[in-house]
Amino acid sequence: QLQLAQSGGGSVQAGGSLSLSCAALERTFSSYDMGWYRQAPGKEREFVASISWNGDSTNYIDSVKGRFTISRDTAKNTVYLQMDSLKPEDTAIYYCNAGDWLGPTIWGDYWGQGTQVTVSS
């Protein structure tokens, strides 16, 4: 069982930046692809970004490309999501996820607790 602990997030005005962190409590973190998903009020959870187990490959939903950056630090068992040029439509609860395959229609078995991100106009 992989436990994920999220931190970061908060509230910011449009155009601002926030960062999210997700720390794994086990060393098996390095064998999983990691990703971020979000769920806005009244909407389904959607894929945001993912990074491969070795950090060589990243994927982003079109709406965040060029604004969000996903990265991972294996030594710290942590994955990050740097969010710049935030828009009100980015407002959601953000969840980190770990698994063998991550994407818009597939996700791993392990989830963080969720972190609120609120962007005001």
Side-chain angles (χ1 to χ4, degrees):
Q1 187 80 8
L2 183 66
Q3 297 183 59
L4 303 174
Q6 295 181 220
S7 59
S11 298
V12 69
Q13 289 190 326
S17 298
L18 288 172
S19 62
L20 302 177
S21 298
C22 175
L25 304 184
E26 290 80 25
R27 285 179 287 180
T28 52
F29 162 87
S30 61
S31 65
Y32 291 105
D33 286 2
M34 299 294 298
W36 292 93
Y37 293 74
R38 65 187 181 187
Q39 187 166 19
K43 295 186 177 181
E44 294 186 350
R45 189 174 298 184
E46 70 170 351
F47 169 82
V48 176
S50 67
I51 186 167
S52 61
W53 66 273
N54 59 3
D56 285 353
S57 176
T58 57
N59 287 292
Y60 299 90
I61 193 173
D62 285 346
S63 61
V64 308
K65 285 181 179 178
R67 300 190 297 120
F68 289 13
T69 303
I70 188 170
S71 61
R72 68 190 296 164
D73 185 334
T74 301
K76 295 182 179 180
N77 282 1
T78 301
V79 63
Y80 306 95
L81 186 67
Q82 176 64 38
M83 302 179 291
D84 299 319
S85 302
L86 281 161
K87 303 176 180 180
E89 51 263 43
D90 295 318
T91 295
I93 299 175
Y94 284 70
Y95 298 88
C96 68
N97 181 249
D100 295 326
W101 300 99
L102 306 181
T105 59
I106 187 169
W107 43 85
D109 293 331
Y110 307 107
W111 293 94
Q113 79 275 20
T115 302
Q116 179 69 48
V117 170
T118 302
V119 185
S120 58
S121 57

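Note that the numbering runs from 1 along the sequence shown for the chain.
- Residues forming a side chain to side chain donor-acceptor pair (under 3.5 Å) with Gln13 (at least two apart in sequence, or on another chain): none.
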Would you mind writing out the side-chain donor-acceptor pairs for residues 105-115 within the sub-3.5 Å range, not counting sequence neighbours?
from: Gln113; atom 1: OE1; to: Gln6; atom 2: N; distance (Å): 2.9
from: Gln113; atom 1: NE2; to: Gln6; atom 2: O; distance (Å): 2.9
from: Thr115; atom 1: OG1; to: Gln6; atom 2: NE2; distance (Å): 2.9

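- Residues forming a side-chain contact (heavy atoms from CB on, under 4.5 Å) with Ala92 (at least two apart in sequence, or on another chain): Arg38, Ala40, Tyr94.
- The side-chain contact (heavy atoms from CB on, under 4.5 Å) test applied to Ser57 returns Ser52, Asn59, not counting sequence neighbours.
- Evaluation of the ring-ring contact (aromatic ring centres under 6.0 Å, His included) rule for Phe47 yields Tyr37 as partners, not counting sequence neighbours.
- Listed by chain and number, the residues in a side chain to side chain donor-acceptor pair (under 3.5 Å) with Asp100 amount to none (sequence neighbours excluded).
- The side-chain contact (heavy atoms from CB on, under 4.5 Å) search around Thr118 returns Ser11, Thr91, Gln116, not counting sequence neighbours.
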Please list every donor-acceptor pair under 3.5 Å in which a side-chain atom of residues 63-71 meets a protein atom from a residue at least two apart or in another chain.
from: Lys65; atom 1: NZ; to: Asp62; atom 2: OD1; distance (Å): 3.0
from: Arg67; atom 1: NE; to: Ser63; atom 2: O; distance (Å): 3.4
from: Arg67; atom 1: NH1; to: Ser85; atom 2: O; distance (Å): 2.9
from: Arg67; atom 1: NH1; to: Asp90; atom 2: OD2; distance (Å): 2.7
from: Arg67; atom 1: NH2; to: Ser63; atom 2: O; distance (Å): 2.8
from: Arg67; atom 1: NH2; to: Asp90; atom 2: OD1; distance (Å): 3.0
from: Arg67; atom 1: NH2; to: Asp90; atom 2: OD2; distance (Å): 3.4

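- Annotation: side-chain contact (heavy atoms from CB on, under 4.5 Å) contacts of Ser19 (sequence neighbours excluded): Gln82.
- Here Glu89 pairs with nothing under the side chain to side chain donor-acceptor pair (under 3.5 Å) rule; sequence neighbours left out.
- The CE atom of Met34 sits 9.5 Å away from atom CD1 of Ile51, with the distance rounded to the nearest 0.5 Å.
- Residues forming a side chain to side chain donor-acceptor pair (under 3.5 Å) with Ser30 (at least two apart in sequence, or on another chain): none.
- Screening residues 19-111 for disulfide (SG to SG under 2.5 Å), with sequence neighbours left out, gives Cys22-Cys96.
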